[in-house]
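Computed from a predicted structure; not experimentally measured. By convention in this document, chain letters (A, B, ...) are assigned in the order of the sequence lines, proteins followed by strands, and residues within each chain are numbered from 1.
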Amino acid sequence: MTITPARVRLAPSPTGHMHLATARNALYNFLLARQTGGQFILRLEDTDIKRTLPGAEQEIMDGLRWLGLDYDEGPDIGGPYGPYRQTERREIYQHHAKTLIEKGAAYPCFCSAERLEQIRQEQRARKETPRYDGACRNLDPGEAARRVAAGEKHVIRLKMPQDGTTVAHDLLRGDIVVENKNFDDAILLKSDGLPTYHFGAMVDDYEMKITHVLRGAEWLSTFPLHVNILRAFGWDEPVWVHFSLFLKPSGKGKMSKRAAAEALKDGYSIFVKDMHDLGFIPEGVLNWAALMGWGVPEDDVMTLEQMIKRFSVDRLTPSPAAINFQKLDHFNGTHIRLLQTEDLAARLKPYFTREGFAVNDEMLLKIVPLIRERLVTLDDCLPFAGFFFRETVSPNPEDLIAKGLDARQSAEVARRAYQILSAQPDLGHARAEPPMRAYVEESGLTANQVFGILRVAVTGQKVSPPLFESMEIIGKEKALERLKRAIEILEKM
RNA sequence: GCCCCCAUCGUCUAGCGGCCCAGGACGGAGCCCUCUCAAGGCUCAAACAGGGGUUCGAGUCCCCUUGGGGGCACCA
């Protein structure tokens with residue numbers, strides 16, 4: 001592997017929500033840049049005016065920042081090779097297109113979209129591969145130039161070689177050899193003067209001195225075209241890496257709108273903007289995304305820093321990967337457990353306030369260690385710790401009855417617990433637990449039965465963080481109040 | 001239909017000719033720990049798609065078949 005600084009880029013089009021695949025794409029590029037001491041560039045491929053969505057651009061930049069994948073050059077921060085929006089680079093493409101025409105490697109085409117659509121349909125009807133018939137390819141250059149000068153609507157096409165083969169080299173897949181007769185003359189510049197992806201990306205990668213193009217395998221079929229564009233100019237090629245695509249969790253087909261909606265129902269999303277709301281943290285998302293398409297022998301829990309050290313472009317996997325959301329849960333929970341208490345508390349707070357709880361920071365700091373290893377997503381803090389912030393709890397009466405006991409017996413246990421606890425100066429867990437344990441012993445009941453009643457009474461739920469530690473945080477007054485209320489409920493049953 | 005890519009446990013993957021009767025992770029099963037739920041520890045089940053070659057030796061190289069994926073726009 002070369003250790004020369006790599007200039008890499010993420011070149012998304014602002015036409016929809018930022019996808020998980022874009023995030024992973026960004027990550028791999030970022031990793032290579034940071035590892036080699038190079039630059040990671042954000043370039044917006046916004047040449048499809050019709051499909052460009054307002055806000056999409058911002059969403060991409062926000063998504064990258066949230067993930068911690070900071071770019072060194074980009075539309076909002078500038079850089080030495082700007083502008084970084086393709087719509088602002090019109091003249092650059094036009095200049096290069098002109099060069100190609102002068103070299104005889106490209107030509108203006110005056111065929112209408114209607115005519116093209118018609119020949120495509122005819123070809124399809126004949127079960128042929130749809131492709132441009134080359135009608136304008138052999139127009140007299142002088143004549144063509146006159147029509148262009150006269151303002152006739154046209155596009156610019158690449159004069160693709162018609163014989164022989166094109167050999168394109170991918171770092172992961174080796175040489176990809178395609179017969180040139182399988183290609184038609186691709187459009188470089190659209191009639192609105194903006195480039196197609198193929199031309200825009202090649203020109204910009206050259207202009208921006210990109211050394212490695214790491215992109216998804218969806219570009220593999222147009223890869224030879226891209227190489228031919230570069231060769232028409234006589235430009236050097238970057239190192240090409242086409243990594244794997246994401247498949248639906250079922251493994252059948254790529255993620256669709258429908259599959260995305262399906263995932264959301266289960267509390268998952270393939271859109272970066274949803275991740276925070278769903279309680280995922282960047283560390284978890286990144287670790288998860290990194291490992292779909294990149295395998296490490298062992299120790300697969302990694303921070304960004306560790307990934308930078310361990311990343312290796314040539315170890316990316318070429319085969320498609322089915323998205324596995326259960327694994328997202330796993331990595332998210334694992335990285336939550338890795339966070340410092342203060343850090344986790346700060347990240348949890350918005351989820352409490354979002355629910356309308358007035359959060360006491362000091363109290364939150366005490367709660368965090370109790371719930372940390374129980375969280376899969378940040379929003380899990382609500383079911384686990386919401387009761388700390390509520391004035392009162394309303395337990396399900398049935399839950400107050402311990403297994404193997406009836407309501408009367410359970411009430412008796414609750415009354416004894418009340419006596420014992422109210423006799424303590426405070427409910428520090430070291431102070432409250434021993435006498436309660438002693439009571440369990442003498443009563444012949446199980447800890448499960450006794451503590452279960454107490455738990456439901458004090459927290460209002462059957463599942464909670466450790467009981468005595470929780471009561472300590474709630475405080476003697478409030479805990480006893482809740483217990484008293486539970487006794488009343490039991491006595492009425 | 002045509003072109004291209006891919007192929008190891010259910011899933012993500014390690015493996016780059018002998019170290020592999022195939023390792024890790026998620027998920028699953030069981031046990032331990034335990035006041036609930038988790039976390040944690042231990043154990044188990046689970047794969048080289050099929051067929052031909054090459055080689056002393058193939059999961060690893062080549063070919064075919066099959067299966068999966070992607071592309072075939074004045075979209076990216």
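- When the side-chain nitrogen and oxygen atoms of A/Arg437 are compared with OP1 and OP2 of B/C35, one or more of them lie within a distance under 4.0 Å.
- Mapping A/Asn448 and A/Ala113 onto RNA chain B by nearest heavy atom places A/Asn448 at the nucleotide closer to the 5' end.
- Nucleotide B/U60: unpaired (no Watson-Crick or G-U wobble partner with both distances less than 3.5 Å).
- Taking side-chain N and O atoms only, A/Arg372 has no distance below 4.0 Å to OP1 or OP2 of B/C37.
- A/Thr317 has a side-chain polar atom (N or O) that falls below the 4.0 Å cut-off from OP1 or OP2 of B/U13.
- For a distance-only test at 3.5 Å, the side chain of A/Ser191 qualifies as a donor-acceptor partner of the base of B/C74.
- For an aromatic pair to be called close, the ring centres must be under 6.0 Å apart, and A/His429 with A/Phe468 fails this.
- Contact between the side-chain N/O atoms of A/Lys50 and the OP1/OP2 oxygens of B/C74 is not found at any separation under 4.0 Å.
- In this structure, A/Arg315 reaches the B/G15 phosphate: one of its side-chain N or O atoms is under 4.0 Å from OP1 or OP2.
- Out of B/C35, B/C5, B/A76, the shortest distance to the side chain of A/Trp219 is found at B/A76.
- In this structure, A/Glu179 atom CD and B/C2 atom C1' are separated by 13 Å, rounded to whole Å.
- The shortest distance between the side-chain N/O atoms of A/Lys254 and the OP1/OP2 oxygens of B/C6 is not below 4.0 Å.
- Judged by distance alone, with hydrogens and angles left aside, A/Arg455 brings a side-chain donor or acceptor within reach of the base of B/C35, the pair sitting under 3.5 Å.
- In this model, the phosphate group of B/A76 is approached by a side-chain N or O of A/Lys190 to a distance below 4.0 Å at OP1 or OP2.
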